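Just below is one structure, and these are the notes that go with it.
None of the values given here were measured: they were computed from a predicted structure.
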Amino acid sequence: MTDKAIDCLVNVHFGEADSQPGWMLKVRDDYFKGPQSMFAPVDMSELLEEMDAHGVHRAILMDNLASPSTTARKFVEARPDRFALAMGGVNLLRPVGPLRELSAVIADLPVAYAVVGPSFWGDGQYPPSDAVYYPLYAKCAELGLPLCVNTGIPGPPIPGEVQNPIHLDRVCVRFPELKLCMIHGADPWWDVAIRLMLKYANLRLMTSAWSPKRLPESLLHYMRTRGPNKIIYASDWPVLRMHRVLPEARALDLPPEVLDNYLYHNAQEFFFGQER
């Protein structure tokens, strides 16, 4: 059993804004009951200290094409051995220019995956099966770049139906070459997500923003049986801090090799197995 982990979703950009939108404050205060410091600027040495204390070998930092995070890119440029980027912000309604930019960023910086949240753009009216996503799917498949898609009802008071994982059924049929990962769990559609992972070899699920002790038994059973290589750990730091979620994860009722896969090997293979 290894003590290593990869944290596949870390936010260091919150502190860059002078103020947060109202829905972000509601998520902090009402949904996660988080501290006021959740949106404070991040010091790289302090983050590395927390990572080292809990065996986090590498962290993937959220970034955005439309509004790049100076903090995330500074961290990655300073310590590419410890940090990589997750790139969101592709304008799906005018995709040609942003997808060219995505290719250019990947050529210059370590990008582990692209990311899109169906509830968070377009007033939540475009499920992932909509053709508006197809240029992004094709580009990620062409680049060999994994794509993470938010699934499950979101915390903010915005439409959630578009994040039902059943919408990924058609995506997996039409884009079998695409490395696809559901993120932020799949509540309340865990069984749908598990059934899809049984069906499609290219599909994974990340438990970001979920306290491990709150994960459903159906998912843990799947990890122990048919899905030991399918589930990927992440914290969504600082929404959930590493010092909380990693001890919880290591206390799960999982065989040692399954726990190792969850915390480290699955992410290493899926996001970094053939580093660009």
Side-chain angles (χ1 to χ4, degrees), residues 7-11 23 27 31-32 60 62 86-90 92 112-134 136-137 140-141 145-176 178-212 214-223 226-227 229-237 239-240 245 262 266-267 270-271:
D7 196 327
C8 295
L9 204 163
V10 169
N11 303 283
W23 64 266
V27 169
Y31 203 72
F32 287 102
I60 301 175
M62 292 298 292
M87 192 60 59
V90 175
L92 300 179
Y113 60 82
V115 60
V116 65
S119 287
F120 291 84
W121 76 278
D123 296 324
Q125 62 179 314
Y126 299 103
S129 55
D130 194 283
V132 75
Y133 293 85
Y134 284 17
L136 176 62
Y137 297 156
C140 287
L145 180 68
L147 176 65
C148 291
V149 179
N150 288 36
T151 47
I153 292 178
I158 55 179
E161 190 279 332
V162 290
Q163 295 192 170
N164 188 327
I166 193 61
H167 295 299
L168 298 176
D169 191 33
R170 290 184 183 273
V171 178
C172 291
V173 169
R174 293 174 177 171
F175 295 90
L178 177 63
K179 298 176 72 173
L180 192 62
C181 183
M182 300 172 277
I183 61 173
H184 294 340
D187 191 66
W189 302 296
W190 295 102
D191 289 343
V192 174
I194 291 168
R195 186 65 188 87
L196 290 173
M197 287 187 285
L198 288 169
K199 187 177 178 182
Y200 298 112
N202 60 323
L203 186 61
R204 303 291 188 274
L205 183 142
M206 185 191 299
T207 62
S208 47
W210 273 85
S211 168
R214 305 295 184 193
L215 294 173
E217 177 57 32
S218 59
L219 186 73
L220 299 178
H221 175 75
Y222 174 67
M223 294 167 71
R226 297 183 65 181
N229 65 334
K230 290 280 196 162
I231 310 302
I232 294 171
Y233 160 79
S235 66
D236 201 20
W237 187 98
V239 177
L240 294 175
V245 290
Y262 172 50
N266 292 345
F270 197 69
F271 295 127

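Side-chain contact between T207 and I231: present, with at least one pair of heavy atoms (C-beta onward) separated by less than 4.5 Å. Within the 4.5 Å cutoff, the side chain of M197 has heavy atoms near those of the Y222 side chain. Counting heavy atoms from C-beta outward, V149 and P118 have side chains that approach closer than 4.5 Å. Counting only heavy atoms from C-beta outward, the side chains of V115 and N150 approach each other to under 4.5 Å. Residues F271 and C8 form a side-chain contact, since some pair of their non-hydrogen atoms from C-beta on lies under 4.5 Å apart. Two residues are said to be in side-chain contact when any heavy atoms from C-beta on lie closer than 4.5 Å; M206 and F270 fail this criterion.
Counting all heavy atoms, side chain and backbone alike, G160 lies closest to W189 at O-CH2, 3.8 Å. When all heavy atoms of Q125 and G122 are compared, the pair lying nearest together is CG-O, 2.8 Å. Shortest non-hydrogen contact noted between A209 and L240 is C-CD1, 3.6 Å. In terms of heavy-atom proximity, N164 sits nearest to V192 at OD1-CG1, 4.3 Å. The minimum heavy-atom distance linking Y133 with Y126 is given by the pair OH-O, 2.7 Å. Of all heavy-atom pairs spanning K230 and A201, the tightest one is NZ-O, 3.5 Å.
Judged by distance alone, the side chain of Y137 and the main-chain N or O of P128 form a donor-acceptor pair under 3.5 Å. In this structure, the side chain of S119 does not engage the main chain of G124 through any donor-acceptor pair within 3.5 Å. In this structure a side-chain-to-backbone donor-acceptor pair under 3.5 Å is missing from D187 to G152. Side chain of W237 to main chain of L9: no donor-acceptor pair is present (N/O by atom type, distance under 3.5 Å, no hydrogens or angles). In this structure, the side chain of T151 does not engage the main chain of H184 through any donor-acceptor pair within 3.5 Å. No donor-acceptor distance shorter than 3.5 angstrom exists from the side chain of Q163 to the backbone of I153, with no hydrogens or angles considered.
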- Query: Where do N266 and R204 land on the side-chain contact (heavy atoms from CB on, under 4.5 Å) test, with the steps shown first?
  - Reply: CA-CA 9 Å; N266 292 345; R204 303 291 188 274; over 6 Å; no
- Message: Quick one, L178 with L147, criterion side-chain contact (heavy atoms from CB on, under 4.5 Å). Give me CA distance, side-chain angles, the key distance, then yes/no.
- Response: CA-CA 8 Å; L178 177 63; L147 176 65; 4.2 Å; yes
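Between F175 and Y134, the ring planes lie perpendicular to each other; the angle is over 60°, past the 30° to 60° tilted range.
With rounding to the nearest 0.5 angstrom, the SG atom of C172 is 4.5 Å from the CG atom of L203. Atom OG of S129 is separated from atom CZ of R174 by 8.0 Å, given to the nearest 0.5 angstrom. Atom CZ of R214 sits about 15.5 Å away from atom CG of L219, to the nearest 0.5 Å. Taken from SG in C148 to CG in L180, the straight-line distance is 8.0 Å, to the nearest 0.5 Å. With values rounded to the nearest 0.5 angstrom, I194 atom CD1 is found 9.0 Å from H221 atom NE2. Here CG of L196 is found 5.0 Å from CD1 of I166. Values are rounded to the nearest 0.5 Å.
For the residue pair Y200 and D169, a side-chain donor N or O sits within less than 3.5 Å of a side-chain acceptor on the partner.
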